[in-house]
Amino acid sequence: TYKFPPTTPAAEAYYDLISDDAFISPEYVRAAVDVMQSDKNVAIVCDRQMNVGPFPELDMGCGRVGEDNTRPVEGPILECAFVAPVLHLATLWANGGIDTRFFINGFDTDICWRTWAGGNAVWQLEGDQVIHAHKGGMNGKDVISAFAGHGYRYQDAWRLYEKWSGADW
């Protein structure tokens, strides 16, 4: 569950969109804001989260990794799973805000892609500073509800395809 950010932010307002099953290190938000303040082109900062809980294999997290294919590295990234991203609000709304037609597994990709299409960047911090403690599927109850949530993933994947298949960015 997310509480969406205000639609009329101050020019330098930032928002940490934290999932209710995420835990962040105390330094995470400050590090994310530091990146955005040092590079005004960066509009979203995320962390490659560490996934724990009953169904970590169901997570669609993504991220840049080093040559050993396990260690997260810092740098630009096409998209990130929104477990606890820090967003530059003025840029978020300038690029179209949040498309509420998406369910839980598409709006984050859409926002990242619109950020890039708008000329801004999405950045990943180095290290695991966010723990995603999966409550289990989409509502934390059982495997059945977890797999029911996959229907929304396919719906969101199709919506992403329809929206972005002809994009030239």
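Below, all heavy atoms of this structure are taken into account, side chains as well, without hydrogens, waters or symmetry copies.
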Out of curiosity, [X] [atom1] to [Y] [atom2], how far, rounded to the nearest 0.5 Å?
{"X": "L160", "Y": "E79", "atom1": "CG", "atom2": "CD", "answer": "8.0 Å"}
{"X": "L17", "Y": "L89", "atom1": "CG", "atom2": "CG", "answer": "10.0 Å"}
{"X": "Y14", "Y": "Q37", "atom1": "OH", "atom2": "CD", "answer": "4.0 Å"}

Looking at every heavy atom in both [X] and [Y], which two are closest together, and how far apart are they?
{"X": "I44", "Y": "M36", "answer": "N-SD, 4.3 Å"}
{"X": "R114", "Y": "I98", "answer": "NH2-CA, 4.1 Å"}
{"X": "L78", "Y": "C112", "answer": "O-CB, 3.6 Å"}
{"X": "L125", "Y": "A32", "answer": "CD1-N, 4.0 Å"}

- Message: Could you check whether any side-chain heavy atom of V122 comes within less than 4.5 Å of a side-chain heavy atom of C46, counting everything from C-beta outward?
- Response: yes
- Note on the structure: Across all chains, not counting sequence neighbours, the side chain to side chain contact (heavy atoms under 4.5 Å, CB included) partners of A43 are H88, T91, T115, N120
- Message: Under the rule for side chain to side chain contact (heavy atoms under 4.5 Å, CB included), what residues qualify as partners of A121, not counting sequence neighbours?
- Response: N41, V42, W116
- Query: How about W164 and D110: does a side-chain donor come under 3.5 Å of a side-chain acceptor?
  - Reply: yes
- With sequence neighbours excluded, give me every salt bridge (charged side-chain N to carboxylate O under 4.0 Å, His left out) pair touching residues 84-103. D99-R101, D99-K163
- Item | Results of side-chain hydrogen bond (donor to acceptor under 3.5 Å, both in side chains) for Y28 - residues two or more places apart only | none
- Check: V35 main-chain N/O paired with S38 side-chain donor or acceptor under 3.5 Å: yes
